[in-house]
Amino acid sequence: MAKVTVDGIEVEVPNGASVLQACEAAGREIPRFCYHERLSVAGNCRMCLVEVEKAPKPIASCAYPVADGMKVFTDTPMVRNGRRGVMEFLLINHPLDCPICDQGGECDLQDQAMAYGIDKNRFHENKRAVEDKYMGPLVKTIMTRCIQCTRCIRFSTEVAGTPELGATNRGENMEVGTYIEKALTSELSGNLIDICPVGALTSRPYAFVSRPWELKKTDSIDVLDATGTNIRIDTRSGEVLRILPRINDDVNEEWMADRGRFAFDGLKRRRLDRPWIREEGKLRPATWAEAFGAIAAKLKGLPGEKIAAVVGDLVDAEAIVALKDLMTSLGSTNLECRTDGAKLDAARRDFYSFNTTIAGIEEADALLIIGSNPRQEAPVINARIRKRAIAGAPFPVGVIGPRGVDLTYRTEWLGEGGATLKAIAAGTHPFAEVLRTAKRPMLILGRGALRGADGAAVLAAAWKIAADTGMLTAEWHGFNLLHLFGGQVAPLDLGFLPQGPAAAAPEAVWLLGVDDAAGVPDGA
């Protein structure tokens, strides 16, 4: 540990830490544009200038390592003049379009210009203009506003694993964009909007919709994948206008999948807004009183064994409990939540949970993925796997599934079918030895691998691999089942499963949030 004095406050920070981190440990705010805690250090915006004793000029605190006994000053005439000069340079070509910029009110450049800049500009040359780049239907670009902080480039390369953004030309002519105009292919592209410190990258669906001070903010959880991403829902007059991630280092850090970020359109477009009743083979709109009357009339007099209930993948736990209580009062034990036909075993919670935890991925030293594409199914979890894969220590990743799938990190394709799985379970496959020699091996089993007729056998083989390769110890639980939606675990926790022999042909089936009735298992 190194002892550093910041504005007279002595703090201890790890050796190798930056001066900026020491300043934050001392409670001093350091402005920055290019620096981001979860990205590599670029050191190119120079906004984080501080003064170090005996140094002849201001230093960029984000890229300067601490030394024992160092004395740092964050508010001196040298520092103030340096920051004002940097801000003056940044604003030479920046357009004066704050009134129409979607970052207005949330813009780091606005905030820091007010806090650290000056109220005049000595440059009178014409401002340069940069042509906007097309990056797809989600991210809108106004590249004249870009200050070349390169956060977007580093995010797409390091976190998302899709190095599609880069810088062309140099100096005043430098431009950030895709080398060949194309839409972004990352499932995490919306995070570029969050990390951009100016209005160069904004949300295309949210363009010109509202200002941040008009919005009511509600904390929630994303349910469109099984990650449990912490989110904030912004609403105005009861209408959801945007969804943003919240910081949770144990789950999603500060990232969010595009699926959940841009799904709010589905809350107001092409939705059923009234009940309908089928009469003589045709649907007609009805009132709620008529709908509940029709339901009561259908259920009246039916024995419990002739009634079934199925819940979908996005149903909340409270509604599941209410439906289960209703079915119990009607004498029905025909309950089902596995609409995809997955052969899940719910006898113990760790049979269907992500037991390693998402943060625990960074402690693993080998991984076997069976029948899952985490890049599509859980992009934030895939980003955490990538973070571990590029951390430096060896991290072999074996994949059983379709060949040629790009997960954004190096993998070894082991095979496509059950033969490979059986070989690893029997210990005859070379990757079985890789798992056995690892100190903390882990396994991710995709829910899709359990849908077929051999789903139960796949589950049993996965558990055998986990047991035989040291994944199940008192200190480490390496078996993980990756679900597809946030509402697929609650019904398993609540026991919304068949409690007895399934009805051969139920006369009434209550579908709660089931999008695809064709996926309901036979007998439900």
Side-chain angles (χ1 to χ4, degrees), residues 226 338 340-358 360-378 381-382 384-386 388-389 393-407 409-484 488 492:
R338 301 162 296 183
D340 57 356
K343 308 301 188 294
L344 293 169
D345 187 347
R348 280 198 342 232
R349 197 173 197 278
D350 64 331
F351 286 179
Y352 55 86
S353 300
F354 204 92
N355 301 292
T356 300
T357 72
I358 298 173
I361 292 172
E362 297 183 34
E363 302 177 25
D365 53 1
L367 170 62
L368 175 62
I369 300 175
I370 303 173
S372 175
N373 182 344
R375 179 177 176 182
Q376 298 289 337
E377 298 168 5
I381 292 179
N382 194 66
R384 187 77 73 133
I385 298 173
R386 173 177 167 78
R388 172 62 187 89
F395 185 60
V397 180
V399 176
I400 300 177
R403 190 169 193 168
V405 175
D406 179 15
L407 296 180
Y409 43 85
R410 181 173 296 178
T411 61
E412 179 185 351
W413 182 72
L414 307 178
E416 191 166 348
T420 305
L421 187 61
K422 291 178 181 177
I424 297 177
T428 58
H429 195 283
F431 201 80
E433 185 61 26
V434 173
L435 296 175
R436 277 194 295 267
T437 56
K439 293 182 180 179
R440 291 198 165 187
M442 66 177 290
L443 178 151
I444 295 179
L445 176 62
R447 182 162 172 142
L450 306 180
R451 291 176 181 168
D454 60 346
V458 171
L459 181 62
W463 271 105
K464 185 176 188 305
I465 293 171
D468 294 348
T469 57
M471 294 185 189
L472 310 177
T473 66
E475 298 80 22
W476 179 256
H477 198 318
F479 178 86
N480 304 283
L481 182 62
L482 183 58
H483 297 272
L484 301 178
Q488 290 182 324
L492 297 173

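For reference, positions follow the sequence shown, starting with 1.
Side-chain atoms of Phe351 and Leu344, non-hydrogen and from C-beta on, never get closer than 4.5 Å to each other. Using a 4.5 Å heavy-atom threshold, the side chains of Val405 and Trp413 count as separate.
When atom types are taken as modelled, the side chain of Asn355 and the backbone of Gly478 share no donor-acceptor pair closer than 3.5 angstrom. The backbone N or O of Ile361 lies less than 3.5 Å from no partner atom in the side chain of Arg384, so there is not a single donor-acceptor pair. Between the side chain of Thr356 and the backbone N or O of His477 there is at least one donor-acceptor pair closer than 3.5 Å.
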Checklist entry - Stepwise, does the side chain to side chain contact (heavy atoms under 4.5 Å, CB included) test hold for Tyr352 with His483? => result CA-CA 8 Å; Tyr352 55 86; His483 297 272; 4.0 Å; yes
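Between Pro396 and the options Thr411, Val434, Asp365, Leu368, a side-chain contact (heavy atoms from CB on, under 4.5 Å) holds for only Val434.
The environment of CZ in Arg410 is sparse: at most 12 heavy-atom neighbours from other residues, nucleotides or ligands sit within 6.0 Å.
Residue Ile381 holds its CD1 atom at 4.0 Å from CD1 of Ile358, rounded to the nearest 0.5 Å. One finds the CD1 atom of Ile465 at 11.5 Å from the CG atom of Leu472 (value rounded to the nearest 0.5 Å). In this structure, CG in Leu367 is found 8.5 Å from CG in Leu435, a value given to the nearest 0.5 Å.
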N/O donor to acceptor pairs below 3.5 angstrom from side-chain atoms of residues 414-430, sequence neighbours left out:
| from | atom 1 | to | atom 2 | distance (Å) |
| --- | --- | --- | --- | --- |
| Thr428 | OG1 | Ala423 | O | 3.2 |
| His429 | ND1 | Phe431 | N | 3.0 |

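Between Trp463 and Phe479, the ring-plane angle classifies as parallel under the 30° and 60° cut-offs.
Taking the salt bridge (charged side-chain N to carboxylate O under 4.0 Å, His left out) definition, one finds that Arg375 meets it with Glu187, Asp406, sequence neighbours left out.
Here the shortest heavy-atom pairing between Thr469 and Pro441 reads O-CG, 3.5 Å. Across all non-hydrogen atoms, the minimal contact from Arg440 to Glu475 is NH2-O, 4.1 Å.
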